[in-house]
Amino acid sequence: MADSTEVPIRESETPTISITVDFYGGLDTLFGKGQHKLAIPAADKSGSPSTIGFLVTHLCETKMNDPRTDLFVLDGHIRPGILVLINEADWELEGEEAYEIQSGDNVVFVSTLHGG
Amino acid sequence: MADSTEVPIRESETPTISITVDFYGGLDTLFGKGQHKLAIPAADKSGSPSTIGFLVTHLCETKMNDPRTDLFVLDGHIRPGILVLINEADWELEGEEAYEIQSGDNVVFVSTLHGG
Amino acid sequence: GVGGSRRLTEEEFDRYSRQMIVPGVGKDGQLRLINSRILIIGAGGLGCPAAQYVAGAGVGTIGIVDGDVVEVSNLHRQVGHVASRIGMKKVDSLITHLRGLNTLPTYVPYGFHIGPQNAAEIISQYDLVMDCTDNPATRYLISDICVLLCKPLVSAASVQKSGQLIVLNCPPTPQGRVDGKYAPCYRCCFKKPPPPSSMLSCGEAGIVGPVVGMMGVAQAGEAIKILVSALHIPSRDFSIPLERNLAQPTLLIYTYELENAVGPYSFRALKMAGRKKNCFACGENSTLTLEGIQSGTPNYEQFCSLPSPTFTL
Amino acid sequence: GVGGSRRLTEEEFDRYSRQMIVPGVGKDGQLRLINSRILIIGAGGLGCPAAQYVAGAGVGTIGIVDGDVVEVSNLHRQVGHVASRIGMKKVDSLITHLRGLNTLPTYVPYGFHIGPQNAAEIISQYDLVMDCTDNPATRYLISDICVLLCKPLVSAASVQKSGQLIVLNCPPTPQGRVDGKYAPCYRCCFKKPPPPSSMLSCGEAGIVGPVVGMMGVAQAGEAIKILVSALHIPSRDFSIPLERNLAQPTLLIYTYELENAVGPYSFRALKMAGRKKNCFACGENSTLTLEGIQSGTPNYEQFCSLPSPTFTL
Ligand SMILES: [Zn+2]
Ligand SMILES: [Zn+2]
């Protein structure tokens with residue numbers, strides 16, 4: 001899997017897409033604070049364009065500071081109770097995990113809170 | 001003075017610069033809410049590039065909903081107690097009223113509050 | 001109610017003058033507050049600050065639901081209780097505090113947990129509901145009842161260093177009505193609850209007082225706004241469905257960073273979609289009914305896989 | 001103080017456990033709160049909610065300055081007072097409320113107005129100052145004293161439907177020190193006061209309770225953050241001036257819109273410049289001294305052109 005940090009890319013390497021990702025509602029403690037600027041592979045291992053589904057796995061494998069991956073991913077999918085917004089729009093309107101990520105996209109993950 | 005709304009511009013008209021302006025701390029009630037997208041003349045009457053000083057007068061003359069102009073301008077200058085930020089930076093660092101406005105600039109006016 | 005046009009009493013005028021002179025409130029807005037009934041569900045970290053400002057603003061009838069009693073570990077954030085009332089029902093403790101602040105409103109205590117059996121009966125008596133509870137099963141229940149009874153819902157939550165706030169079902173629109181851009185319900189925004197294992201309560205994860213305080217005060221701000229602007233009244237004329245709609249539904253997210261002064265990421269307002277056609281509660285094929293809920297359908301505990309059979313606030 | 005390493009008492013543990021388990025607080029952070037002294041200047045719309053959360057969090061010594069008495073028109077937003085204490089000094093009324101919330105802190109009432117004669121003597125006894133006042137002359141005075149005494153200042157203000165908040169002089173840096181990126185003072189950010197004619201007070205312009213409430217609670221949040229992280233302790237080693245600096249100084253702006261649900265423009269965080277070399281108070285050629293202030297230089301009333309010769313909170 002390609003490096004997801006902003007390392008200069010040689011021509012021969014996998015092309016990447018630059019995106020920004022934000023985590024809220026406690027997910028920030030799993031991934032680190034503030035906005036994450038990432039260069040993710042433009043395609044998955046099978047050569048298909050990278051989707052949100054791919055991004056979720058990619059984040060889990062390369063960016064999580066915490067061993068408790070089930071707080072973010074369950075059975076290969078984003079766990080229930082996490083809201084996903086793509087460019088400020090509900091991901092349901094964008095095709096959910098099948099949405100193909102575009103350069104410059106902003107993806108927000110928010111864990112729903114219940115305390116009071 | 002040229003029209004400051006987003007009317008299509010003919011070649012023969014004064015060139016304009018597109019900027020955004022925000023008002024806070026009660027100034028929003030003088031100018032209307034939300035972010036204002038403006039096309040201001042690129043130069044003043046004497047042909048010099050438009051500065052923040054020009055913008056202040058221009059706003060006062062064309063955009064104020066309220067007759068109390070002294071809440072925004074005093075003696076031809078922005079009144080004391082109003083903070084000006086140009087592209088999120090204190091205007092003192094940018095040359096204050098002499099700063100020449102660039103296309104795409106964001107200018108924020110904040111009236112300092114004192115109540116409690 | 002919409003508010004009548006009676007005169008204000010001298011005491012009302014003295015109490016509320018500072019807020020009445022704010023443009024957009026006025027005497028009409030104040031009378032709408034006085035003639036309105038707000039239900040606050042939960043008298044904890046959100047409910048205490050929310051209730052202070054709702055009572056201060058002069059909302060005429062304020063109901064408070066909570067089955068718990070005051071504990072010493074509550075007091076760092078539940079600012080409507082005091083040490084001398086430890087062991088008292090939270091609703092009675094909070095109402096004692098509120099009466100000191102403002103004697104004019106009518107306060108109605110419900111000193112028990114809200115659940116499928118009693119929720120509709122209680123909520124039906126109010127104009128607006130504030131969800132200040134602390135568990136998902138109750139949150140889904142409250143939203144479902146608000147959809148069925150056409151009540152606006154101001155919902156907030158807070159754990160550790162994070163807070164969230166959203167105004168739902170406002171202006172209220174009847175269940176099944178989807179031929180326009182209507183406000184979402186809780187299920188439109190949060191389709192599935194998190195698995196219990198991933199959920200953090202204030203007891204387990206901790207909570208910083210001002211974080212939950214900010215959300216509670218903000219809830220009061222939204223509630224006052226809705227009542228003053230009469231946005232709690234269900235639309236009647238659906239030939240003009242957009243006219244009275246609020247701005248784009250927005251989820252406000254607050255993150256408190258212990259290491260930084262207020263920074264650009266402390267607040268974020270996320271635009272949410274409107275009512276969803278396929279929503280289980282408010283959508284066009286919804287089978288949700290008050291009778292169903294009372295007889296156990298849906299099963300909120302199972303939906304949220306709560307280990308305990310009781311609904312706790 | 002920085003905090004010792006004693007054990008917590010059982011009562012402290014019961015009271016503060018929910019906030020101690022928050023990552024970044026812990027026992028050390030709690031002890032720093034317990035060993036700290038906060039001065040709250042102003043017991044009104046900002047000071048009441050701020051004090052509730054500062055007291056709840058267990059700050060060891062809480063001083064409150066205010067010369068006013070409780071009036072009925074205060075109660076819609078000044079949630080630390082109650083109707084039965086109308087006519088009582090606000091400091092005594094608020095402390096009565098705070099003692100109910102938490103008996104453990106030491107509360108110090110200053111039932112008079114702060115001014116050039118007494119400000120340094122009072123402020124010198126505290127680790128952090130919260131400006132909850134309502135007029136510019138007092139705001140400039142408090143900031144000047146905080147610069148000279150090396151105290152961090154959490155400043156907020158609110159009128160009608162707007163609120164502002166900024167953390168100043170934190171970590172505190174001695175006057176005249178400009179060879180690095182230091183935190184600004186009030187004068188660095190707000191060089192000149194507005195002319196009196198353009199100034200709106202809460203009495204004239206009105207105020208919505210939750211608007212000023214949000215700012216007061218946020219002030220408590222910033223103060224707790226500073227003390228827990230020991231950012232109130234003046235830097236000693238100026239060879240590493242940047243190390244303990246806060247993030248970019250930020251002015252938080254809150255706008256309440258009566259017509260809209262929480263929207264993207266409700267909060268804005270504006271990046272501010274750091275300490276200015278030419279600042280009248282903290283800059284490199286500043287002639288400001290404690291002795292000067294006490295003997296009338298600068299003249300704060302004249303600077304702000306206050307019509308009245310007294311400093312009112
Ligand atoms: Zn729905
Ligand atoms: Zn300065």
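Proteins get letters first, then strands, A, B, ... in listed order; numbering begins at 1 in each. Note: hydrogens, waters and symmetry copies are ignored here, and every other heavy atom, side chains too, is used.
Contact check for C:His97 versus D:His97: side-chain heavy atoms found under the 4.5 Å cut-off. Annotation: side chain of D:Leu75 is not in contact with side chain of C:Asn102 (no heavy-atom distance under 4.5 Å). Between C:Val22 and D:Lys161 the shortest side-chain heavy-atom distance falls below 4.5 Å. The closest side-chain heavy-atom distance from D:Val217 to C:Pro210 is below 4.5 Å.
Proximity to chain C (any heavy atom under 4.5 Å) is shown, for D:Leu270, by neither the backbone nor the side chain. Residue D:Val208 touches chain C through both its backbone and its side chain, counting heavy-atom pairs closer than 4.5 Å. Heavy atoms closer than 4.5 Å to chain D are found nowhere in C:Val154, neither backbone nor side chain. There is no contact between D:Val211 and chain C, counting heavy-atom distances below 4.5 Å. For C:Gln78, the part sitting under 4.5 Å from any heavy atom of chain D is the backbone (N, CA, C, O) and nothing else. For chain C, no part of D:Glu71 is nearby; none of its heavy atoms comes within less than 4.5 Å.
Counting all heavy atoms, side chain and backbone alike, D:Pro23 lies closest to C:Gln160 at CD-NE2, 3.2 Å. Contact between D:Asp14 and C:Val72 at its shortest, heavy atoms only, is CB-CG1, 3.5 Å.
For the side-chain contact (heavy atoms from CB on, under 4.5 Å) with D:His76, the qualifying choice from C:Arg18, C:Arg15, C:Met20 is C:Arg18, the only one to do so.
Contact count versus chain C (heavy atoms, under 4.5 Å) is highest, among D:Gly209, D:Ala83, D:Ser73, for D:Ser73. Counting heavy-atom pairs under 4.5 Å between each of C:Tyr256, C:Phe13, C:Tyr16 and chain D puts C:Tyr256 at the top.
Among residues 46-54 of chain C, the residues having any heavy atom closer than 4.5 Å to a heavy atom of chain D are, in sequence order, C:Pro49, C:Gln52, C:Tyr53.
Judged purely by atom type and a 3.5 angstrom limit, D:Ser229 uses its side chain to pair as donor or acceptor with the backbone of C:Leu258.
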